[in-house]
Amino acid sequence: MKEKDLRRSLSVLPIGTVMKLTSLTARQIRYYEEQGLVFPERNDGNRRMYSLNDIDVILEIKDYLDEGLNISKIQDIYKKRKESNEQNGNSKELSDQEARKILSDELLNIGGLNSKDAENNSF
DNA sequence: GTTCTCACA
DNA sequence: TGTGAGGA
């Protein structure tokens with residue numbers, strides 16, 4: 001399973017491919033990178049090379065955007081997700097449980113932010 | 001032909 | 001966000 005993760009993290013896709021796969025504009029894709037949502041590598045001559053992992057994230061971002069979240073909120077979600085993934089270097093199973101919880105919180109948050117200001121942090 | 005950065009409508 | 005300029 002590590003093999004897949006490795007390939008999945010290999011950055012080999014030019015922005016044009018990502019555009020087609022995500023149906024977003026280059027502008028948006030670059031913007032999300034600027035916002036720290038995806039981290040493409042910059043191999044030959046300053047060209048952004050995205051990985052399947054990035055595609056996944058971008059697709060997810062698109063999804064969140066579609067559900068009414070703004071960039072800053074998405075940034076927050078990913079920030080927290082990363083923290084949860086990195087804080088437990090001793091237990092992978094716990095990380096998985098945490099990941100599930102985080103996802104649940106995200107969904108709850110999406111539903112709850114419509115009426116009031118869940119803007120800050122309820123979790 | 002494709003992508004990059006910067007800047008402005 | 002879109003788009004155009006100017007370069008690689």
Side-chain angles (χ1 to χ4, degrees):
Chain A
M1 288 300 196
K2 296 177 182 176
E3 200 66 17
K4 281 188 180 178
D5 275 20
L6 271 171
R7 298 184 200 295
R8 173 180 233 73
S9 297
L10 278 189
S11 305
V12 292
L13 311 170
I15 198 168
T17 304
V18 182
M19 287 175 67
K20 293 174 186 173
L21 264 41
T22 64
S23 58
L24 288 174
T25 65
R27 184 80 167 77
Q28 290 175 294
I29 298 170
R30 297 193 194 105
Y31 180 64
Y32 300 154
E33 175 199 3
E34 203 177 314
Q35 302 307 305
L37 269 36
V38 288
F39 346 88
E41 279 167 34
R42 303 294 279 258
N43 289 333
D44 89 275
N46 211 2
R47 244 123 241 190
R48 275 169 261 254
M49 300 301 270
Y50 297 83
S51 67
L52 295 180
N53 228 313
D54 293 325
I55 304 291
D56 225 87
V57 174
I58 294 174
L59 250 19
E60 222 176 290
I61 293 170
K62 204 173 86 106
D63 231 74
Y64 284 142
L65 249 28
D66 202 61
E67 293 182 70
L69 281 77
N70 57 356
I71 296 293
S72 48
K73 191 166 288 292
I74 297 175
Q75 285 181 55
D76 207 62
I77 290 175
Y78 277 81
K79 181 185 174 185
K80 289 181 180 299
R81 180 180 300 178
K82 188 171 186 178
E83 287 175 359
S84 299
N85 276 330
E86 295 183 341
Q87 80 177 175
N88 293 312
N90 34 341
S91 174
K92 290 183 179 180
E93 293 182 44
L94 191 61
S95 289
D96 197 59
Q97 284 180 20
E98 279 299 318
R100 290 197 172 204
K101 189 197 175 197
I102 297 296
L103 280 173
S104 298
D105 286 349
E106 287 168 16
L107 292 176
L108 285 175
N109 214 15
I110 292 172
L113 62 79
N114 282 321
S115 50
K116 283 189 177 181
D117 56 283
E119 198 66 35
N120 296 317
N121 44 9
S122 305
F123 29 70

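Computed from a predicted structure; not experimentally measured. Reminder, nothing fancy here: chain letters follow the sequence lines and each chain counts from 1.
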Test of understanding: with salt bridge (Lys or Arg N to Asp or Glu O under 4.0 Å), list the residues that count as partners of E60(A), not counting sequence neighbours.
R81(A)

Could you give the CG-to-P distance, from L13(A) to dT2(B), as a whole number of Å?
16 Å

d(CZ, R30(A); P, dT2(B)) in whole Å:
13 Å

From CE of M19(A) over to P of dT2(B), roughly how many Å is that when rounded to an integer?
10 Å

In whole angstroms, how far is the C1' atom of dC6(B) from the CD atom of E34(A)?
11 Å

Check the distance between dG2(C)'s P and Q28(A)'s CD and give it to me in whole angstrom.
5 Å

Specify the separation, in whole Å, of atom CD1 of I29(A) and atom C1' of dG2(C).
14 Å

So Y50(A) and E33(A), do their side chains get closer than 4.5 Å, heavy atoms only?
yes

For Watson-Crick and G-U wobble pairs within 3.5 Å on both distances, what is DNA chain B written in dot-bracket notation, | included for inter-strand pairing?
.|.|||||.

Using heavy atoms to find the nearest nucleotide of DNA chain C for R47(A) and L24(A) separately, return the residue whose nucleotide is more 5′.
L24(A)

Between dC6(B) (P) and R27(A) (CZ): distance, integer Å
12 Å

Looking at every heavy atom in both I55(A) and L21(A), which two are closest together, and how far apart are they?
CD1-CD2, 4.1 Å

Rounded distance in Å - CD1 (I15(A)) to P (dG1(B))
19 Å

So what does G45(A) touch, heavy atoms closer than 4.0 Å: a base, only the sugar-phosphate, or nothing?
nothing

Of all heavy-atom pairs linking I29(A) and I58(A), the shortest is CG2-CD1, 4.1 Å

